[in-house]
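All values below were derived from every heavy atom in this structure, side-chain atoms included, with hydrogens, water molecules and symmetry-related copies excluded.
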Amino acid sequence: MLAIATPDLEELRMTGSRGAPARTAPVAAPVTVTGLAQRQAWRARELPPVEEVRSGVWSVPVTIPDNPLRYTLAYLLLSDTGAVVVDPGWDHERGWEDLMAGFAAAGLPADRVTGIVVTHVHLDHHGLSRRLSEGSGAPIAMHAAEVDALPSRIREATESDAMQTWLARCGAPADVMADFNSDLAEMLGVFRLAEPDVLLNDGDALDLPGRRVRVVWTPGHTPGHICLHDADHDVLLTGDHLLPRISPNIGLTPGSKDAPLASYLDSLRALGGYDSAEALPAHEYRFRGIAGRAGTLIEHHDVRAREVLDVIAASDYATVWDVTTRLTWSRGWDQINGFMRRAALFETAAHIQYLEQEGRLAIRAGAPGEPDRLEVLPVIPPGG
Ligand SMILES: [Zn+2]
Ligand SMILES: [Zn+2]
């Protein structure tokens, strides 16, 4: 069942490539690009250079094979005793060579790695953690809430009848109900992702002697997504939470334990306190203007929420699936195929859950075997 792999493959979606759904009206990001060489490389479709962006902070592009995102920006945080590697990248020989090229540039032998930290467990971030850890003995750390997002943990939940029941309640048609290719998930190494050795929580300091780097928990894209703030250099490693140009997938699935969109919006608001920092993202290029970029993304989801309400209001008791097919997608719904349809459904469902919690719509439970139906609720004025 590829819902397991979807959180990893959804990175494809973020660029709107391959028929992937993406918002129709991307808003101009009010960011100041600081990674000029990175942006130039991005535009030229090349791998950007390895760079020491601050003393002891290295940015290392690691190839993601056959993917429009092209690379993950891993970071090496050097200390007196060794180094922590953040988001080592996709598990592939080419990626490993890229990572080792970064180590060489930084003068860091691979066995001097003292820790591995992942912002979240998607394949393009956490894939190489196992190999790096096995070679160095370094422990792997992630946020405590991210453990449940490991595919090995959610495999059972997503392969069970729960997914089929949930899809039926959404009104999904047979082709979307059909199981996706679990061989692909197997092939991608989804189930080989490493378990953590260390669990992190919001505000924790990384084990980096002589340096002050703290965990900023930013759930939304995944439940245990984290950013990392280096107080001495005032840089914020933003993972996939905040990127300069594209917006990460925020999807609701039957396995979701939290409300992903509400969490994501709260996590964006929480970044307002880091506006002085330079953002070091996991894709694309470095930038400044964290609060402005976060505000743009909040607005972006607000516009989408209004569109969801408009579609429901114009429909006769729409199902979640009806809404998914009637929303605007950058390439047109006809161009969205295969698991991308399910990803689009997850994303629509996240908005519907959010709007229900905000009291803007009602989900009317269907009779057994029938899908749920959606209804817009009248806005009650404050004090009314
Ligand atoms: Zn991701
Ligand atoms: Zn990513």
Side-chain angles (χ1 to χ4, degrees), residues 1-24 151 154-186 188 190 249-256 259-261 304-356 361-376:
M1 220 312 297
L2 201 59
I4 306 153
T6 298
D8 314 289
L9 296 169
E10 85 205 357
E11 314 289 359
L12 298 175
R13 194 204 63 85
M14 298 199 298
T15 61
S17 299
R18 297 189 171 186
R23 302 267 153 49
T24 43
I154 62 174
R155 186 176 198 171
E156 196 177 323
T158 52
E159 280 186 346
S160 70
D161 292 342
M163 175 64 86
Q164 293 302 314
T165 305
W166 187 84
L167 289 170
R169 285 183 54 198
C170 289
D175 64 315
V176 173
M177 295 280 288
D179 273 353
F180 283 86
N181 187 353
S182 63
D183 291 346
L184 178 62
E186 203 71 60
L188 289 171
V190 166
N249 175 271
I250 309 297
L252 177 72
T253 66
S256 298
L261 184 55
R304 192 60 158 181
R306 286 199 296 270
E307 191 192 357
V308 168
L309 288 173
D310 288 347
V311 166
I312 295 169
S315 311
D316 205 11
Y317 296 100
T319 65
V320 178
W321 179 254
D322 293 335
V323 176
T324 306
T325 62
R326 291 171 199 170
L327 289 171
T328 48
W329 303 96
S330 65
R331 300 207 160 204
W333 181 250
D334 296 350
Q335 301 296 310
I336 299 169
N337 297 305
F339 71 84
M340 290 301 180
R341 293 203 157 200
R342 217 181 261 208
L345 178 70
F346 292 160
E347 188 165 325
T348 306
H351 271 97
I352 285 168
Q353 178 196 49
Y354 176 74
L355 287 164
E356 188 203 21
L361 62 77
I363 302 175
R364 308 289 184 207
E370 290 294 316
D372 297 343
R373 302 282 170 176
L374 305 171
E375 191 181 343
V376 174

Enumerate donor-acceptor pairs with a distance under 3.5 Å from any side-chain N or O in residues 310-318 to protein atoms, sequence neighbours excluded.
unit_1	atom_1	unit_2	atom_2	d
Ser315	OG	Val311	O	2.5
Ser315	OG	Arg326	NH1	2.9

From [X] [atom1] over to [Y] [atom2], what is the distance, rounded to the nearest 0.5 angstrom?
| X | Y | atom1 | atom2 | answer |
| --- | --- | --- | --- | --- |
| Ile363 | Glu356 | CD1 | CD | 3.5 Å |
| Phe346 | Thr253 | CZ | OG1 | 6.0 Å |
| Trp333 | Arg341 | CH2 | CZ | 5.0 Å |
| Leu355 | Leu309 | CG | CG | 4.5 Å |

Self-check item: Contacts of Arg373 that satisfy salt bridge (Lys or Arg N to Asp or Glu O under 4.0 Å) - sequence neighbours left out
Solution: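 None.
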Does a side-chain heavy-atom distance below 4.5 Å link [X] with [Y]?
| X | Y | answer |
| --- | --- | --- |
| His351 | Ile250 | no |
| Leu261 | Gln353 | no |
| Asp372 | Thr319 | no |

[X] and [Y]: which non-hydrogen atoms are nearest, and at how many Å?
| X | Y | result |
| --- | --- | --- |
| Pro260 | Gly251 | CG-O, 3.4 Å |
| Thr328 | Arg304 | O-NH1, 2.8 Å |
| Met163 | Pro254 | SD-CG, 3.6 Å |

Quiz prompt | Near-ring test Trp166/Trp321, centroid separation under 6.0 angstrom | solution =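 No; Trp166 has its ring centre 6.0 Å or more from that of Trp321.
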Self-check item: Candidate pair Thr324 and Asp322, rule side-chain contact (heavy atoms from CB on, under 4.5 Å), full reasoning
Solution: CA-CA 5 Å; Thr324 306; Asp322 293 335; over 6 Å; no
Practice problem: Go through the steps to decide whether Leu167 and Arg342 satisfy the test side-chain contact (heavy atoms from CB on, under 4.5 Å), and finish with yes or no. | Solution: CA-CA 9 Å; Leu167 289 170; Arg342 217 181 261 208; 3.7 Å; yes
Practice problem: Keeping the roles fixed (side chain from Ser256, backbone from Leu252), state whether a donor-acceptor pair exists under 3.5 Å. | Solution: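 Pair absent, no side-chain N/O of Ser256 close to backbone of Leu252.
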Practice problem: Please step through side-chain contact (heavy atoms from CB on, under 4.5 Å) for the pair Leu327 and Glu307, ending with a clear verdict. | Solution: CA-CA 7 Å; Leu327 289 171; Glu307 191 192 357; 3.7 Å; yes
